[in-house]
Amino acid sequence: MPELPEVETTRRGIAPHITGRTVSRVIVRESRLRWPVPRRLASQLAGQAIEHVGRRAKYLLLETAGGTLILHLGMSGSLRIIDSGLAATRHDHVDLVLDNGRSLRFTDPRRFGSLHWTTRPPETHRLLRDLGPEPLGAAFSGEHLHGLSRGRQVAVKNFIMNSHVVVGIGNIYASEALYMAGIHPARAAGRISLKKYGLLAEVVKEVLQDAIAAGGTTLRDFVNGEGKPGYFRQHLNVYGKADEPCISCRVPIREIRIGQRSTFYCPKCQR
DNA sequence: AGAGGTACCTGGCAGC
DNA sequence: TGCTGCCAGGTACCTC
């Protein structure tokens, strides 16, 4: 599921249920995730009180006095609050059993997700250390994109999906943002003006914020465990809309592959 | 240094 | 119905 809005929606969904709670037990049913779940994770996390649920890029940070759990949902991961007695099914890989009869359950069919434990400041962790700025933060701007992109031949879509440039822009929102900014996704990153990058940075913030706002509507379902968070297709202008008319000019949306990923754009509106 | 490809995994779906 | 092949929203890591 998750692009940044889904991860943030997840964070907001679970935070009220786990903040201040103590992890009484950790059940690891499947440790073969993107990276093996550390063998000592269960003993390190058990007994710790969750003080804060943070996020850096698409990593969720469950902070305790003794360390931080760094959790990534990968491509198919989800987290739910469940009653601790609820039977686990095939892809329910990890439960954090809480001290109130409920559990935080990590489910991930494709097992691209991951769990790490660190006792150091999480931002110094190998996975987080070299990441670019948050797209919704002040450090992400047209100047930032313009400065980093000079001389780069890479397609602008790949450029903005590079986590060293800016985090949290996945395949869907990359297409959406470039459409909103009127930039052809295959354009060389180094040949885009400061002005265009200013617009791109603005629409990135806008599209992510809108999606996060829309994500709020699925929170109840999500917390009740009655289904996974919905995907907000109704808000998308180009993604998945090959051959449908552009909402602005009616010219059919085109689908191409850039860096092995599906890419959608309007050949008239995006140059 | 930058660009591009590969790998990790399962499930769903189109096409035969 | 059943098989095969392809595709999927992520991203670290490898090679050139």
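This structure is a prediction, so every number in the text was calculated from the model and none was measured.
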Do any pairs count as a salt bridge (Lys or Arg N to Asp or Glu O under 4.0 Å) and have a residue in residues 105-125 of chain A, sequence neighbours left out, and if so which ones? A:D92-A:R105, A:D95-A:R105
Cut-off 3.5 Å, side chains only: do A:S103 and A:S84 have a donor facing an acceptor? yes
Taking atom P in both B:dA3 and C:dG9, compute the distance separating them and give it to the nearest angstrom. 22 Å
Answer yes or no for this row: A:F112 ring on B:dC8 base, centroids under 5.5 Å, planes under 30°. yes
Linking Ile, Leu, Val, Met, Phe, Trp and Tyr through side-chain heavy atoms less than 4.5 Å apart, which residues share a cluster with A:V97? A:I27
Which atom names give the shortest non-hydrogen contact between A:A49 and A:T22, and what distance separates them? CB-OG1, 3.7 Å
Can you see if the side chain of A:H72 gets near the phosphate of C:dT11 - specifically, an N or O under 4.0 Å from OP1 or OP2? yes
Before you tell me yes or no, could you show the steps for A:I258 and A:N158 under side-chain contact (heavy atoms from CB on, under 4.5 Å), namely the whole-Å CA-CA distance, both residues' side-chain angles and the distance that decides it to 0.1 Å? CA-CA 8 Å; A:I258 296 179; A:N158 286 343; 3.8 Å; yes
Closest non-hydrogen atoms of A:P133 and A:A139, given as atom of the first, atom of the second and distance, are CB-CB, 3.9 Å
What is the separation between atom CZ on A:R111 and atom P on C:dT11, rounded to the nearest whole Å? 19 Å
Round to the nearest Å and state the distance from A:D130 atom CG to B:dA1 atom C1'. 15 Å
Taking salt bridge (Lys or Arg N to Asp or Glu O under 4.0 Å) as the cut-off, I'd like each qualifying pair that reaches into residues 49-59 of chain A, sequence neighbours left out, listed once. A:E8-A:R55, A:R55-A:E134, A:R56-A:E134
A:Y239 side chain near C:dG9 phosphate (N/O to OP1/OP2, under 4.0 Å): yes
I need the CG-P distance between A:D92 and B:dT10, as an integer number of Å. 15 Å
Is the closest side-chain heavy-atom distance between A:I81 and A:L104 below 4.5 Å? yes
What is the distance, to the nearest angstrom, from the CE atom on A:M75 to the P atom on C:dC7? 13 Å
Note: for A:Y59 and A:N171 on DNA chain C, the residue whose nearest nucleotide lies more 5' is A:N171
Check whether A:V165 and A:L131 end up in the same hydrophobic cluster, where Ile, Leu, Val, Met, Phe, Trp and Tyr are linked by side-chain heavy atoms less than 4.5 Å apart. no
Distance in angstrom units between A:I160 CD1 and C:dT11 P, rounded: 14 Å
Less than 3.5 Å apart, any donor N or O on the side chain of A:T263 or A:R257 sitting next to an acceptor on the other? no
N/O to N/O distances under 3.5 Å, protein versus nucleotides 11-13 of chain B:
unit_1 : atom_1 : unit_2 : atom_2 : d
B:dG11 : OP1    : A:R90  : NE     : 3.1
B:dG11 : OP1    : A:R90  : NH2    : 3.4
B:dG11 : OP1    : A:H91  : NE2    : 2.6
B:dG11 : OP2    : A:R90  : NH2    : 3.0

When you compare B:dA1 with C:dT11, how far apart are their P atoms, in angstrom units rounded to a whole number? 24 Å
May I ask you to list the residues of residues 259-267 of chain A, by number, that have any heavy atom positioned under 4.0 Å from an atom of DNA chain C? A:R261, A:S262
What does A:R34 touch in the nucleic acid at a heavy-atom separation under 4.0 angstrom: a base, only the sugar-phosphate, or nothing? base
Nearest-Å distance, CG (A:N162) to P (B:dG5)? 15 Å
If hydrophobic clusters are built from ILVMFWY residues whose side chains come within less than 4.5 Å, do A:Y197 and A:V166 share one? yes
Rounded to whole Å, please give me the gap between OH in A:Y173 and P in C:dG10. 10 Å
Any side-chain N or O of A:S76 below 4.0 angstrom from OP1/OP2 of C:dG9? no
Would you call the rings of A:H72 and A:Y59 parallel, tilted or perpendicular, where under 30° means parallel and over 60° means perpendicular? perpendicular
Contiguous Watson-Crick or G-U pair runs (3 or more, under 3.5 Å) in DNA chain B: B:2-8 with C:10-16, B:10-16 with C:2-8
Please compare A:K58 and A:R126 by the position of their nearest nucleotide in DNA chain C and report the one closer to 5'. A:K58
Taking any heavy-atom pair under 4.0 Å as a contact, classify A:L127: base, sugar-phosphate, or nothing. sugar-phosphate
Ring-face cation of A:R126 near A:W35 (centre distance under 6.0 Å, axis angle within 45°): yes
Without decimals, in angstroms, what is the distance between A:I172 CD1 and C:dT11 P? 13 Å
